[in-house]
Amino acid sequence: MIPSTSFTRRTAGRALVAAAVVAATMTGAGVATAADGAGPAARAVAAPSAERAGHGFVRTDSARTVLPGERIDTGRGNTMWLTADGQHVVVTRDMPDQEQAKRVLDDNFPVGTVNLRTFGDTDGTLFTGAYRGPDTPARVTVEADGKTLEAQVVTLPGRPGWAAYHVDSPAGTGFPGGAELVTAYAADGTVLAQLDLSGWSR
């Protein structure tokens with residue numbers, strides 16, 4: 001299957017907003033572009049503690065467990081949350097009334113795959129997505145514009161069968177859709193899934 005991507009663009013003064021959804025397996029590629037559903041209102045939560053990696057971006061350790069519908073501050077006024085029925089929802093600062101949801105637990109998102117969604121403006125890009133599989137990734141990295149970004153992994157309590165991730169980067173990291181590689185790792189360093197976008201034309 002040939003990967004495809006979908007973008008939504010909106011110019012609002014200083015901001016240009018884009019969103020892309022892609023999914024791939026370790027050896028092949030698939031696509032999931034449907035946006036559906038939304039989550040319940042819930043309190044906002046602060047970003048987790050982190051340390052600075054050598055390239056200047058924030059590196060976080062292991063997965064963070066949140067409740068269904070619990071708002072996660074992903075930086076620069078963007079928010080995301082996970083729902084109990086398997087949806088990854090993002091709300092950007094430039095479209096605060098639009099919940100952009102991706103259903104993870106359906107036939108369009110195979111087990112053992114990781115996807116990528118990008119939301120960018122003139123200040124930077126939010127790289128976020130989900131991994132579907134029996135094990136929660138201990139680490140997810142996004143390679144963009146020659147840099148390796150360490151994402152924060154977020155999961156629901158128990159063994160939900162999926163997890164999400166997010167990392168915000170400043171302007172100049174390939175907006176929009178400029179990531180070349182997304183990799184989800186197990187705790188022992190084994191690669192659980194990989195999304196290779198290096199061959200895509202921009």
Side-chain angles (χ1 to χ4, degrees), residues 1-3 5 20-33 47-68 70 72 74 80-84 86-88 90 102-118 125-169 173-174 177-200:
M1 179 182 292
I2 299 173
T5 182
V21 181
V22 286
T25 64
M26 292 281 291
T27 58
V31 176
T33 57
S49 60
E51 62 183 67
R52 290 283 171 181
H55 46 62
F57 293 104
V58 172
R59 175 172 182 163
T60 54
D61 295 321
S62 70
R64 174 186 177 199
T65 300
V66 297
L67 296 176
E70 186 174 356
I72 302 158
T74 61
M80 75 175 222
W81 63 91
L82 315 183
T83 70
Q87 295 184 75
H88 172 214
V90 177
K102 172 71 186 79
R103 186 176 295 278
V104 178
L105 298 180
D106 66 14
D107 293 338
N108 292 322
F109 200 135
V111 174
T113 67
V114 63
N115 78 355
L116 170 68
R117 305 168 70 189
T118 63
T125 303
L126 168 63
F127 296 100
T128 186
Y131 165 79
R132 184 178 183 186
D135 299 314
T136 299
R139 179 183 178 218
V140 172
T141 61
V142 178
E143 295 183 21
D145 198 32
K147 300 178 176 65
T148 299
L149 311 178
E150 295 280 349
Q152 173 65 59
V153 179
V154 182
T155 189
L156 296 173
R159 299 180 64 86
W162 67 289
Y165 67 89
H166 64 88
V167 59
D168 193 81
S169 63
T173 49
E180 294 93 32
L181 188 68
V182 179
T183 308
Y185 298 91
D188 63 0
T190 301
V191 173
L192 296 173
Q194 200 164 58
L195 174 60
D196 187 350
L197 300 171
S198 59
W200 285 32

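Note that the structure is predicted; figures quoted are calculated from it, not measured.
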Mind listing the side-chain donor-acceptor pairs of residues 155-164 below 3.5 Å, one per line with the distance, residues two or more places apart or on another chain?
unit_1, atom_1, unit_2, atom_2, d
Arg159, NH2, Pro134, O, 3.1

Checklist entry - Can Gln87 and Lys102 be said to form a side chain to side chain contact (heavy atoms under 4.5 Å, CB included), step by step? => result CA-CA 6 Å; Gln87 295 184 75; Lys102 172 71 186 79; over 6 Å; no
Next on the checklist: Ignoring hydrogens and geometry beyond distance, is a side-chain donor-acceptor pair present between Thr83 and His88 at under 3.5 Å?
Outcome noted: no
Locate the shortest heavy-atom distance separating [X] from [Y]; write the atom from each residue and the value.
{"X": "Val111", "Y": "Gly133", "answer": "CG1-CA, 4.0 Å"}
{"X": "Ala193", "Y": "Tyr131", "answer": "CB-CE1, 3.8 Å"}
{"X": "Ala84", "Y": "Pro68", "answer": "N-CB, 3.8 Å"}

Checklist entry - For Val154 and Leu82, what are the C-alpha separation, side-chain angles and deciding distance, and is it a side chain to side chain contact (heavy atoms under 4.5 Å, CB included)? => result CA-CA 9 Å; Val154 182; Leu82 315 183; 4.0 Å; yes
To the closest 0.5 Å, what do you measure between [atom1] ([X]) and [atom2] ([Y])?
{"X": "Phe127", "Y": "Leu149", "atom1": "CZ", "atom2": "CG", "answer": "6.0 Å"}
{"X": "Thr74", "Y": "Leu126", "atom1": "OG1", "atom2": "CG", "answer": "4.5 Å"}
{"X": "Leu192", "Y": "Tyr185", "atom1": "CG", "atom2": "OH", "answer": "10.0 Å"}
{"X": "Arg117", "Y": "Met80", "atom1": "CZ", "atom2": "CE", "answer": "9.5 Å"}
{"X": "Leu195", "Y": "Thr183", "atom1": "CG", "atom2": "OG1", "answer": "8.5 Å"}
{"X": "His166", "Y": "Ile72", "atom1": "NE2", "atom2": "CD1", "answer": "5.5 Å"}

For [Y], is there any backbone N or O sitting under 3.5 Å from a side-chain donor or acceptor partner on [X]?
{"X": "Glu150", "Y": "Val167", "answer": "no"}
{"X": "Asp196", "Y": "Ser198", "answer": "yes"}
{"X": "Arg132", "Y": "Pro110", "answer": "no"}
{"X": "Thr128", "Y": "Tyr165", "answer": "yes"}

Next on the checklist: Against Ser169, only a single residue in Asp145, Thr125, Thr118 fulfils side chain to side chain contact (heavy atoms under 4.5 Å, CB included); can you say which?
Outcome noted: Thr125
Item to check | Val153 vs Arg139, side chain to side chain contact (heavy atoms under 4.5 Å, CB included): CA-CA, chis, key distance, verdict | outcome: CA-CA 7 Å; Val153 179; Arg139 179 183 178 218; 5.7 Å; no
